[in-house]
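Naming convention: chains lettered A, B, ... in sequence-line order (proteins, then strands); numbering from 1 in each chain.
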2 protein chains.
Amino acid sequence: MQLASTGSGAEGRSAGRPVSRQVLADHVYEELLASLMDGRLEPGAAVSIDGTARELDVSPTPVREALARLEHTGMVRRVALKGYRVAPVFTQEDFAELMEARLAIEPVNARLACSRLTPGHLRELEQAVTDLKDAPRGPSFAEFRSYLEADERFHRLIAEQTGNQFMVAAYAALGGQIQRFRLFGGVGITDAEHAIAEHQAVLDAFASGDPQQAEAAMAEHVRKVRGRAIADAPAD
Amino acid sequence: MQLASTGSGAEGRSAGRPVSRQVLADHVYEELLASLMDGRLEPGAAVSIDGTARELDVSPTPVREALARLEHTGMVRRVALKGYRVAPVFTQEDFAELMEARLAIEPVNARLACSRLTPGHLRELEQAVTDLKDAPRGPSFAEFRSYLEADERFHRLIAEQTGNQFMVAAYAALGGQIQRFRLFGGVGITDAEHAIAEHQAVLDAFASGDPQQAEAAMAEHVRKVRGRAIADAPAD
DNA sequence: CCGGGCCAGGTCCTATAGGATCTGAACATG
DNA sequence: CATGTTCAGATCCTATAGGACCTGGCCCGG
């Protein structure tokens, strides 16, 4: 059938051969991840191996491999001989634990990233904050999707800019969960004005080049997000 | 061939049916993990899917799934269309990054775990420190294997005792790397006396029930491990 | 009316087949 | 001698087949 579908190597440096060919399992992984991030797959829904394979027009083998990788991100859970399910909705307790973890990791990331900041990094962060301000904030998901994307990008960029592979891994272990909470926790869009101001404060600290200040600004941001979410008190 | 029939395990199972059947991919995963932890697979060595399948007398499909899960632990790396390799040896830079990450995560774990400590938890930690003291510390790997196991267990228990699933995940993202470093970094056994004393100090802080002190003791331990390793200056 | 057996469809899991690709060595050529 | 070519084996990757298990609907006897 459509064996070596090729089609992916548009990114090659020069013509000829793409340096790294796309494998089907990678494509399936990205497709599933996008579905999860976009909220197309609801919490608790079953993710059938065979069904996903039919839907993407591939065999179950690459789907199985992609799901095995996804399980480690915490966005899907697997029960032996029963299959995979999208992780269930956050409880308030889950949320408190997640914020505790973010508070341990993200301020450190901010300090490390700030201490080795480059002009290029700073521009990327500025772009993220600009996108955050410009993003539409309507009631439907499609409307604030770009807002959530810019928010996630800001935090991820800081993690990557630490240059520390382990801090990136630690943040990645949380990143998917953060996104999941943003989608289903019921908050995240009502506090846009406050959140934007706090992001701006973090950015200012970066611009000033003071790692301690960056760490403090990030800690304050995470604490305030937690505070606002608790105040909103999602009915659960 | 030997489908779900008998023959394969050779483990005389008691009777009836196990409530949760073992899936082959899980068995392969554990087998590979043990090989990696024990150092039977050297850094940089290729881990062939077909070869592993032949060796364990299973088909390549479960091996592929197990390796996909292992990749996320950082202990093996995958290159599309080229296969899996055991992660290479730590450089001094890798080590510095790992210690930075541990310094961000483990003291927080100690504080959280101490603040909700139970007598049962304390006993488990005491047992780990006791095992650490009693473990043989010979030159060959087989001799200090139990030492490394007790060391890893101590830190992992603290992560689990936080009761915070995300801190456990963050630590797990580092745990395999810590183990890898202990095996191949050239240090970890020469500083046993110091390390044991520091573990004892952490344990004492837990016994006193002071989370701040526990956090400080853990931070000091990690810093000193880093300091001793740098002093040893592995030739690299 | 209601509960238990039976069957069909779906799913998971493993094995196997075969195409596509990489690797390394033998070999030819300037 | 150095360099490029060819080829065989190993390996990766995907598709497919089939056994085992679970689920839900249907039928039948009490």
Non-neighbouring partners of [X] that pass side chain to side chain donor-acceptor pair (under 3.5 Å), sequence neighbours left out:
{"X": "B/Arg226", "result": "none"}
{"X": "A/Arg111", "result": "A/Glu215"}
{"X": "B/Asp50", "result": "none"}

Of all residues at least two apart in sequence or in a different chain, which pass the salt bridge (Lys or Arg N to Asp or Glu O under 4.0 Å) check with B/Glu65?
->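 By the salt bridge (Lys or Arg N to Asp or Glu O under 4.0 Å) rule, B/Glu65 matches A/Arg64, B/Arg69.
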Kindly write out the residues that satisfy side chain to side chain contact (heavy atoms under 4.5 Å, CB included) with B/Glu30, not counting sequence neighbours, or none if the list is empty.
->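 Residues passing side chain to side chain contact (heavy atoms under 4.5 Å, CB included) with B/Glu30: B/Gln22.
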How long is the line joining [atom1] of [X] and [atom2] of [N], in whole Å?
{"X": "A/Leu24", "N": "C/dT21", "atom1": "CG", "atom2": "P", "answer": "13 Å"}
{"X": "A/Tyr29", "N": "D/dT14", "atom1": "OH", "atom2": "C1'", "answer": "21 Å"}
{"X": "B/Leu56", "N": "C/dT14", "atom1": "CG", "atom2": "P", "answer": "13 Å"}
{"X": "B/Glu65", "N": "C/dC12", "atom1": "CD", "atom2": "C1'", "answer": "10 Å"}

Any protein N or O atoms within reach of nucleotides 10-12 of chain D? Criterion: under 3.5 Å, listing atom names and distances.
from	atom 1	to	atom 2	distance (Å)
D/dT11	OP2	B/Arg54	NH2	3.2
D/dC12	OP1	B/Ile49	N	3.2
D/dC12	OP2	B/Ile49	N	3.0
D/dC12	OP2	B/Asp50	N	3.3

Which nucleotide sits closest to the side chain of B/Val23: D/dC13, D/dT14, C/dC13?
->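 Between D/dC13, D/dT14, C/dC13, the one nearest the side chain of B/Val23 would be C/dC13.
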Compare the minimum distances between each of C/dT14, D/dT16, C/dC13 and the side chain of B/Pro62, then state the nucleotide with the smallest one.
->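 From the listed options, C/dT14 comes nearest.
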Hey, does the side chain of A/Ser59 come within less than 4.0 Å of D/dA15's phosphate (OP1/OP2), counting only N and O?
->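 Checking D/dA15 against A/Ser59, a side-chain N or O does come within under 4.0 Å of OP1 or OP2.
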Within a strict 4.5 Å, meaning less than it, do heavy atoms of the B/Met75 and B/Val86 side chains meet?
->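 Heavy-atom side-chain distance check fails, nothing below 4.5 Å.
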